[in-house]
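Shown next, in structure tokens, is the structure this report addresses.
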Amino acid sequence: MYPPSIIARMSTFVTGDIGGTHIRVAAYESDNTTPLTHKRTRSYGKEPGTFDRLVNAIESAWPDNRDVKAISMASPGPLDPETGIVLDTPNIPEWDNFPLTEKLSEHFHVPAYLDNDANLAALGEWKFGAGRDHHDVLYLTISTGIGGGVIIDDRLLHGHHGLAAELGHVTVLADGPVCSCGYRGHLEALAAGPAIVRYVREQLEAGSRSELSNDEDLNAYDVAEAARRGDDLAKSAYERAGRYLGIGVASFLHTLDPSIVIFGGGVSQSGPLLFEPFEASLRAHVFYPRYLENLEITTAALGDDVGLLGALALAQMKETDQ
Ligand SMILES: [Zn+2]
């Protein structure tokens, strides 16, 4: 336990991460990454009442005998980090131009901050995880979609509308497969988990031989397992994803020139299956070798609480700015 004089000097923040399936909330003291409290609850985002479920989760994680300085939230975008409005998120249909930070401030009587989950994962990895000691960080999360976050010169990149670093929606194959956003040929449509599965399905329908069958519940992990057992179709699905990931990341290096590329998300756990073809493709598509000198390529160091820790980093930055 800290003596009361030290507690008085510390700032306490409540942070939250609203995911497709779960809402996570935690309280942190200053930059101690071990939470004082931690709460996880189902989000049921497609059903009404998500804001009330969030409020309940925050109330149950609110620390006793501490003055909370601010609430800081990670949410799927698109959103406006400046105004704290969630513009539109497929996971929570009722949050259409939803003024999240205003409503939280009104309820809890403290300032509230908001940024998108991939940006905050990047911020968390930079402040507390794999990107510590770097000034220029490229973060990509690859799971059911591809999200991105960028730190350049020790600043989180937001852009004019707060919409920068939507790296999954960069075109890597003109007229390629349709992306979750409705446009064609985006990186997400070629290298995220569902893209890997879709390719396997298409090839099976075209008559390719494989131990995999076109079951409804086929997923990217099944494909990875089959690839590790030597299944040629499964291996080629990961090779293709890695190749397009290399094309995308080469362009990101040309645009941003980071010193580290950090991969998060479930698909990034697939190891050499994805990363060998990725690195070969990256080398083949980078137009000047100096981009690759001392470039660190690594997987994320923070686990499921990366969004909470990113939101903590955001709250600390806001406090220092003021
Ligand atoms: Zn897209």
Side-chain angles (χ1 to χ4, degrees), residues 18-21 45-46 74-81 85-93 95-98 114-122 138-150 156-203 218-220 223 237-256 258 261-268 270 274 277-278 281-282 285 300 306-307:
I18 305 157
T21 55
K46 304 267 197 251
S75 165
L79 53 77
D80 185 336
I85 294 173
V86 177
L87 301 172
D88 168 27
T89 172
N91 291 332
I92 312 168
W95 287 9
D96 183 9
N97 281 305
F98 187 74
L114 172 71
D115 210 322
N116 91 43
D117 42 15
N119 279 351
L120 290 186
L138 169 62
Y139 172 85
L140 280 173
T141 174
I142 313 174
S143 55
T144 53
I146 293 185
V150 173
L156 184 62
L157 183 72
H158 276 121
H160 180 56
H161 306 92
L163 294 172
E166 285 291 352
L167 304 180
H169 302 286
V170 163
T171 305
V172 291
L173 178 65
D175 306 320
V178 178
C179 185
S180 66
C181 68
Y183 287 82
R184 281 186 178 277
H186 288 175
L187 179 59
E188 176 172 307
L190 286 141
I196 291 168
V197 172
R198 176 161 63 181
Y199 175 77
V200 169
R201 289 190 194 286
E202 284 167 2
Q203 296 303 307
L218 181 68
N219 61 48
V223 180
Y238 273 88
E239 278 160 15
R240 175 176 176 268
R243 184 167 80 247
Y244 284 106
L245 192 60
I247 291 172
V249 171
S251 293
F252 304 151
L253 298 192
H254 299 160
T255 316
L256 304 162
V261 182
I262 303 172
F263 287 99
V267 174
S268 70
S270 43
L274 182 70
F278 159 70
S281 169
L282 183 64
H285 290 98
V306 62

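Start at 1 and go down the list; that is how both ligands and their atoms are numbered.
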**Message:** Less than 4.5 Å apart, side chain to side chain, heavy atoms only: is that true for Asp115 and Leu156?
**Reply:** yes
**Complete:** Protein-side N, O or S atoms sitting under 2.8 Å from the Zn ion (ligand 1) are His169 ND1, Cys179 SG, Cys181 SG, His186 ND1
**Asked** Taking side chain as C-beta onward, heavy atoms only, is Ile142 less than 4.5 Å from Leu245?
**Response** yes
**Asked** Would you say Thr255's side chain and Ser251's backbone share a donor-acceptor pair under 3.5 angstrom?
**Response** yes
**Prompt:** Donor-acceptor pair, Ser143 side chain versus Gly265 backbone, under 3.5 Å?
**Reply:** no
**Message:** Quick check: do Phe252 and Leu140 have side-chain heavy atoms less than 4.5 Å from each other?
**Reply:** yes
**Prompt:** Are Ile18 and Val86 close enough that some pair of their side-chain heavy atoms sits under 4.5 Å apart?
**Reply:** no
